[in-house]
Amino acid sequence: MAQYTRVSGVVGLITLQNPPVNALSAVVRQGIVDKVETALSDPKVKSVVICGQNGNFCGGADIKEFGTKMFGPPLIPMIHSIEAANKPVVAAIEGSALGGGLELALGCHYRIAHSKARLGLPEVTLGLLPAAGGSQRLPRLIGVPAALNLITTGRHVTAAEALQLGIVDQVTDHNTVDAAVKFALSVAGRSLDARRISTYPCPRPSDLDALFEEVMQKVRQSARGAIAPVACVQAVRAAATLPYTQGMEREKELMATLFTSGQARAMQYIFFAQRAVGRWRMPSGASWDTSKPRPVTKAAVIGLGTMGRGIAVALARAGLSVVAVETQEKQLLEAKQAMSSMLERGAKRRGGVPALGLISYSQSIQAAADVDLVIEAVFEDMALKIEVFKQLTAVCKPGTLLCTNTSGLDVDQLASETPNPELVVGMHFFAPAHVMNLLEVVYGPRSSPQAVATAMQLGKKMGKASVAVGNCSGFVGNRMLKLYLEQASFLLEEGATPELVDRALEEFGFPMGVFRMSDLSGLDVGWRVRKAAGLAEPGEASGPSARIRKGYRYSPIGDLVCEQGRFGQKTGRGWYQYEKPGSRVARSDPWMHSFLEQYRARHGLVARSIDHQEVLERCLYSLINEGFRILEDGIAAGPEDIDVIYVFGYGWPRHRGGPMFYASMVGLAKVLERLEHYHQAHPDVPNLQPCSLLRRLVASGSPPVHMWREVRKKLHSQL
Ligand code: 3H9
């Protein structure tokens, strides 16, 4: 709702009240309409200020109302009547003015922002466009290029940038409402003819067509199949080329297309899923609301390889004191230099001062004696990690949390080597750790809820989507990825090329197909794991047993590629070839094609034609099937956890909502039928066998994602 008071005798103050972000729900819109009318019809009132309660202007339209029946006054005429008012209306912006919130402010005649406020039109990140006039008013106010940048990326700008762009008229460090009231008093009675943005002509750069062509090309490339960014460009083009009322019509048409698209649903689902994963729950019943995190002000990172460096930088950026430990002197010096430049580059990009002084460096693990939490990031080797944990137990003060950065080792085994296993959790960071926004917090059966709460809070502080998951080989993300990689190798055996598989996945929306991604991360890592697991055998064996391990189908192709010293980009050769080691542009490699032909001939395999549909079904449905198994095992608490992990850590296209949401969009019955089909065709691949939870969900009428937990509960109670 909205509250109305009169201040200084002549200023009508309207305060939006809808915690926590003052979203423009039906009741709030009705409140604004009513209070604006009150203010305008009161002869004593000479000007109006609109603000939000609790230091927050407005987070935009109420996303929870999307997809439900529309009640209350619509936004567009509400904003129009504010703009058309014959008394000055001033927006007092504190906290955030986002989406419909900024559109409301653009309908006001003046905007005053607090220096810490953030403004933006992030609709594109929800699969939409600013459709309450934002796509038409912003280009008129700040010009086409700047508006295109803000609207197609959805980025938030600081008050200082908003002032520079001309979005706000004044920035204050003091009480924003007081400043706005003072300002409103000063402009009372002034003509408003020049303050109504919808009446401004849109500034038209001379090279308008070339500008739009260039932007459209860029946007299509980075959108990877998402339609909202393209619609945003079309809407701004309408602002630049059509009169305001026709532009508004175009905005409405484009919004209608987006609104009913599955993409908008998927992206809004991810918005809420990202917040839902913060409300974690362990199988023991312990949860976010009953477990208090410990304060962490000083942390240590042990091991300054690529991961350790990124983790230490992310911690320092979050404002923690960091002790960075590396026993090798040369490595320590290199790390110090690299981390300093990472911090400096980051500060240059984001503004602010690099947090160089927050990191101290040491060659001795003793330096971790007084920290609150340690993240061990040494080489992925259990014996080495156990040794480090033993040393840490002897050195650290009692109660220090011990976290291991591992992408798949058994966190519980490590915990059992310490006298206080309840203080141990896994923190699976993704490379580069100071850039990637995902963290899997892995709890073992003995991890205390407080340890999990602390790691989750620390992840949030570092700005990462943090997901609490159970302990199993590969946790959630890598456990699912294994099956995706396996199917990709089988497809090569059956006749596909790396190019064909990658093209299908990139057209689906992944930034990189599976083979290009493997070349980037390095093929030797997986090879080492397969050798340790007794799967990779040396030499080019032939005969039926060469492609079978433990009774099931196995593809040794990846092992053979590694035997050639082809480890991906770093060696200049992998599934593709590169100009030189370290180069990034993948080129087709005739060697690979003849290697695959020889491989098939040696194993008596006849290449068949494989289409994109099969690539997608085999790679994605097998990964999804494992997701259902993970839910069944209770390793992830709900489908949202899996989807957030895949969108934030594995390049799953956001507009497809994560693998589990995607399965629900495709139809669970269809996923089940295709898995059954492929399992019949490949009975030696047990992972293609649909899991019981998927069968149960289909038998229950394929309920929507938010109801899957109930079905799983029932399944468990019957086991
Ligand atoms: C739009 O405006 C369309 C128009 O152009 C045209 C229409 C015709 N609605 O993020 P937090 C909830 S589209 C409903 O943890 P923070 C959120 O789910 C909208 N609920 O806080 C969470 O609930 P819970 C364009 C919303 O301080 C709680 O508020 N606007 C909305 O870290 C706290 O959220 C946007 O895209 C909403 N609009 O960050 C802005 N916003 O506690 C979206 C939040 O139950 N919002 N909630 O989990 C944000 O980016 C952040 O929430 C914000 C605060 C920066 C505002």
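Computed from heavy atoms alone, side chains included, the values below leave out hydrogens, waters and symmetry copies. Counting starts at 1 for both ligands and their atoms, following the listed order. It should be emphasised that the depicted structure is a prediction, and the values quoted were computed from it without experimental measurement.
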>> Does only the side chain of Arg279 get under 4.0 Å from ligand 1, or the backbone, or both, or neither? Count heavy atoms.
In response: side chain
> With backbone taken as N, CA, C and O and side chain as the heavy atoms from C-beta onward, which portion of Ala23 lies under 4.0 Å from ligand 1: side chain, backbone, both, or neither?
Replying inline: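 Answer for Ala23: side chain.
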Run the numbers for me: atoms of ligand 1, each under 4.0 Å from some heavy atom of [X], listed by number.
X      : value
Gly60  : 2 (O)
Gly99  : 2 (O), 25 (C)
Ser96  : 56 (C)
Phe272 : 18 (O)
Glu103 : 4 (C), 5 (O), 6 (C)
Asp62  : 9 (N), 14 (C)
Glu123 : 1 (C), 2 (O), 3 (C), 4 (C), 5 (O), 13 (S)

> Would Trp708 and Phe628 count as a side-chain contact (heavy atoms from CB on, under 4.5 Å) if you check the C-alpha gap in whole Å, the side-chain angles of each, and the deciding distance to 0.1 Å?
Replying inline: CA-CA 10 Å; Trp708 292 5; Phe628 282 113; 3.4 Å; yes
>> Within the structure, is a non-hydrogen atom of Glu65 found at a distance of less than 4.0 Å from ligand 1?
In response: no
> Would you say Ala131 touches ligand 1, if touching means a heavy atom closer than 4.0 Å?
Replying inline: yes
Any non-hydrogen protein atom below 4.0 Å of [atom]?
atom                    : result
atom 12 (C) of ligand 1 : no
atom 27 (O) of ligand 1 : no
atom 5 (O) of ligand 1  : yes
atom 16 (P) of ligand 1 : no
atom 41 (N) of ligand 1 : yes

Ignoring hydrogens, just give me the one of [options] whose non-hydrogen atom is nearest [atom].
atom                    : options                        : result
atom 19 (C) of ligand 1 : Ile79, Leu128, Leu126          : Leu126
atom 47 (N) of ligand 1 : Leu104, Leu121, Leu98, Val21   : Val21
atom 22 (C) of ligand 1 : Glu251, Met267, Arg275, His156 : Arg275
atom 35 (C) of ligand 1 : Gly127, Gly59, Ser25           : Gly59

Could you tell me whether the side chain of [X] and the main chain of [Y] form a donor-acceptor pair under 3.5 Å?
X      : Y      : value
Lys87  : Ala39  : yes
Glu65  : Ala26  : yes
His114 : Val171 : no
Ser291 : Trp288 : no
Arg140 : Gln136 : yes
Ser222 : Lys218 : yes
Arg294 : Asp372 : no
Asp643 : Met660 : yes
Ser25  : Asp62  : no
Glu83  : Ser198 : yes

> Mind checking whether Thr125 has an N or O less than 3.5 Å away from an N or O of ligand 1?
Replying inline: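 For ligand 1, there is no N or O atom that lies under 3.5 Å from one belonging to Thr125.
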> Looking only at N/O atoms, are Phe271 and ligand 1 under 3.5 Å apart anywhere?
Replying inline: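 Such a contact does not occur with ligand 1.
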Protein heavy atom at shortest distance from [atom]:
atom                    : value
atom 33 (C) of ligand 1 : Pro20 CG, 3.7 Å
atom 20 (N) of ligand 1 : Lys64 NZ, 3.8 Å
atom 1 (C) of ligand 1  : Ala61 CB, 3.4 Å
atom 9 (N) of ligand 1  : Ile63 N, 2.9 Å

> salt bridge (charged side-chain N to carboxylate O under 4.0 Å, His left out) between Arg709 and Glu640: does it pass, once the steps are laid out?
Replying inline: CA-CA 11 Å; Arg709 284 174 206 238; Glu640 297 86 358; 3.0 Å; yes
> Is Leu121 close to Ile151 at the side-chain level, that is, under 4.5 Å between some pair of heavy atoms?
Replying inline: yes
>> Are there over 12 heavy-atom neighbours, none belonging to Arg237, within less than 6.0 Å of that residue's CZ?
In response: yes
>> Looking only at side-chain N and O atoms, does Tyr200 offer a donor or acceptor that is under 3.5 Å from a partner on Arg137?
In response: no
